[in-house]
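Positions are given from 1, in the same order as the sequence printed here.
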Amino acid sequence: MQRNERAKQWGKYADLIDDETWDFIDKTNASYPENAVKLSLTEQRKLYDTMCEQFWAPHPPGVVTSNSGIETTTHTIPIRQYHLEGSQPKAQILYFHGGGFLVGGLQSHDDVCAELCAATGFVVTSVDYRLAPKHIFPAAHEDAVAAFNFVTTESRLIPVILAGDSAGGNLAASVAHATREFAVKPIGQVLIYPGLTHDLSSQSYVEHANAPELSTEDVEFYRELVTGGIDYSKNPKCAPLGDSDFSGLPTTYTFGAACDPLLDDSRIYCEKINAAGGEAYFTGEEGLVHGYLRARHSVKCANDSFKRIIQACKALER
């Protein structure tokens, strides 16, 4: 699509977003038919998985994976763990994938987790939490806490960093809030364009209501499905920014895409942690859109952001 055509369709975004990122957006959108919203959830999940496969990158040398499951009283939570041969990890990353709580799984973010493992030398555990609408809140949160308990029990001496993108960033933060009174706590969290609130009136939700890759209407759609229409806006297990207390949280790094309705969630979250006496760092990534992790091998500014994400993980190492 030429710039003048983009300007007609996308207005200000034609100039805010560079050509490399537009190519990524076009490739992503080409994976979905025009009637995608009318397809069944099973069909939409297949489309999402196929789209992710187009951006999948081979694992770096030395990364070894193993699949297993966490047994609960009612179900098994599939997990995939990543180890770097020859490394003596000083930390582990518990990673929750994005996908609006509706799509995604171990494979959709497989290469991201492998590259985090290779770049840091940390063990990475990816969690295939239960998805809505079959499993509404608090199912995903409960699976996330169960995964935290599992990794801290299995590798008690290796500190845990919580991480995730989009819906996964929400889950990582919800675990950080829920574990403040645990005997073993996370040492940090790295949140990548997370959705942290149910209040869609903040500036970025208005300014970027019709941004490429994610709209405010999309956010509202996902929220309604995962909550079953119940108001959990003040429940930090579902909406971490709805908490009344931001003290006692681990060191936090957030990365927001500048062309994304979720941008202010990252900024405001860090402001609240710092105001409560904690330590938090917000980075707003100019010119990037929601889901840019998949563009890290084709878009320079996305690659630069991924390097900063890796550095944030390393900075949390004890």
Side-chain angles (χ1 to χ4, degrees), residues 94 96 98 100-101 127 129 132 135-149 152 159-208 216 219-256 260-284 312 316:
L94 183 61
F96 303 103
F101 298 100
V127 184
Y129 54 87
H135 303 288
I136 61 174
F137 177 81
H141 169 77
E142 290 174 346
D143 286 358
V145 173
F148 178 81
N149 286 330
T152 53
V160 177
I161 297 166
L162 304 168
D165 65 289
S166 194
N170 171 289
L171 288 175
S174 78
V175 173
H177 285 248
T179 57
R180 281 180 286 189
E181 303 303 322
F182 282 27
V184 180
K185 304 175 182 62
I187 60 170
Q189 54 178 338
V190 178
L191 313 179
I192 307 159
Y193 39 81
L196 303 173
T197 185
H198 290 178
D199 178 6
L200 307 186
S201 64
S202 67
Q203 181 178 344
S204 63
Y205 282 101
V206 176
E207 181 181 356
H208 298 295
T216 298
V219 176
E220 187 170 13
F221 171 76
Y222 296 139
R223 182 193 65 191
E224 289 300 305
L225 283 181
V226 77
T227 63
I230 299 173
D231 182 6
Y232 292 115
S233 60
K234 299 301 182 183
N235 187 334
K237 295 178 180 179
C238 190
L241 269 175
D243 204 342
S244 59
D245 180 10
F246 289 83
S247 64
L249 291 168
T251 300
T252 298
Y253 291 85
T254 67
F255 295 84
D260 183 354
L262 301 182
L263 175 64
D264 281 347
D265 287 20
S266 291
R267 176 183 58 80
I268 295 171
Y269 189 60
C270 287
E271 289 174 354
K272 288 183 176 291
I273 293 174
N274 287 324
E279 185 178 358
Y281 306 91
F282 161 66
T283 301
L316 293 167

Colleague: Taking all non-hydrogen atoms of both residues into account, name the closest pair between G256 and F282 and its distance.
Modeller: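 Smallest heavy-atom distance, with atoms named: N-CE1, 4.2 Å.
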Colleague: Quick one: does any side-chain atom of N170 pair with a main-chain N or O of G195 as donor and acceptor, under 3.5 Å?
Modeller: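 Yes; judged by distance alone, with no hydrogens or angles, the pair exists.
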Colleague: Shortest non-hydrogen contact from K237 to S174?
Modeller: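 The pair with the smallest heavy-atom distance is O-CB, 3.4 Å.
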Colleague: About how many Å separate CG of D264 and CD of E207, when rounded to the nearest 0.5 Å?
Modeller: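 The distance works out to 8.0 Å.
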Colleague: Is any side-chain heavy atom of D245 closer than 4.5 Å to one of R180?
Modeller: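 Yes, close enough: below the 4.5 Å cut-off.
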Colleague: Please report the interatomic distance CG(D199) to NZ(K234), rounded to the nearest 0.5 Å.
Modeller: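 Answer rounded to 0.5 Å: 7.5 Å.
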Colleague: Apply side chain to side chain contact (heavy atoms under 4.5 Å, CB included) to residues V175 and L171 and explain how you reach the verdict.
Modeller: CA-CA 6 Å; V175 173; L171 288 175; 5.5 Å; no
Colleague: Please report the closest heavy-atom contact between A172 and G164, naming both atoms and the distance.
Modeller: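 Taking A172 first and G164 second, the nearest heavy atoms are CB-N, 4.4 Å.
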Colleague: Do the ring centers of F246 and H177 come within less than 6.0 Å of each other?
Modeller: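 Aromatic pair counts; centres sit under 6.0 Å.
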Colleague: So, for S266 and T254, which heavy atoms are closest and what is the spacing to 0.1 Å?
Modeller: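 Closest heavy-atom pair between S266 and T254: O-OG1, 3.2 Å.
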Colleague: Would the distance check show the side chain of T227 and the main-chain N or O of G229 forming a donor-acceptor pair, the cut-off being under 3.5 Å?
Modeller: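 Present.
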Colleague: Check the pair Y222 / V226 against side chain to side chain contact (heavy atoms under 4.5 Å, CB included), numbers first and verdict last.
Modeller: CA-CA 6 Å; Y222 296 139; V226 77; over 6 Å; no
Colleague: Can you tell if the side chain of F101 reaches within under 4.5 Å of the side chain of L225, non-hydrogen atoms only?
Modeller: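 No, too far: nothing below the 4.5 Å cut-off.
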Colleague: At their closest point, which heavy atom of A239 faces which heavy atom of S233, and how far apart are they?
Modeller: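 Reported closest heavy-atom pair: CB-O, 3.8 Å.
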Colleague: Using the ring of each side chain (for Trp, its six-membered ring), is H141 parallel, tilted or perpendicular to F137, with breaks at 30° and 60°?
Modeller: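 If you compare the ring of H141 with that of F137, the planes turn out tilted.
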Colleague: Working to the nearest 0.5 angstrom, can you tell me the gap between K272 NZ and L196 CG?
Modeller: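 So the NZ of K272 and the CG of L196 are separated by 11.5 Å.
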Colleague: Just to verify, what does Y205 make a side chain to side chain contact (heavy atoms under 4.5 Å, CB included) with, not counting sequence neighbours?
Modeller: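 Result, side chain to side chain contact (heavy atoms under 4.5 Å, CB included) vs Y205: T197, L200, S202, T216, V219, P261, L262, D265.
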Colleague: Side chain to side chain contact (heavy atoms under 4.5 Å, CB included) between E279 and I273: does it pass, once the steps are laid out?
Modeller: CA-CA 7 Å; E279 185 178 358; I273 293 174; 6.0 Å; no
Colleague: So which atom in G169 and which in L191 form the shortest heavy-atom distance, rounded to 0.1 Å?
Modeller: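 In this case the closest contact between G169 and L191 is O-CD2, 3.6 Å.
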Colleague: Any side-chain to backbone donor/acceptor pair from D243 onto P236? Under 3.5 Å, distance only.
Modeller: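 No.
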Colleague: Between V127 and L94, is the side chain to side chain contact (heavy atoms under 4.5 Å, CB included) condition met? List the steps.
Modeller: CA-CA 8 Å; V127 184; L94 183 61; 3.6 Å; yes
Colleague: Could you tell me whether the side chain of K185 and the main chain of F182 form a donor-acceptor pair under 3.5 Å?
Modeller: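 Flag set: sc K185 to bb F182 pair under 3.5 Å.
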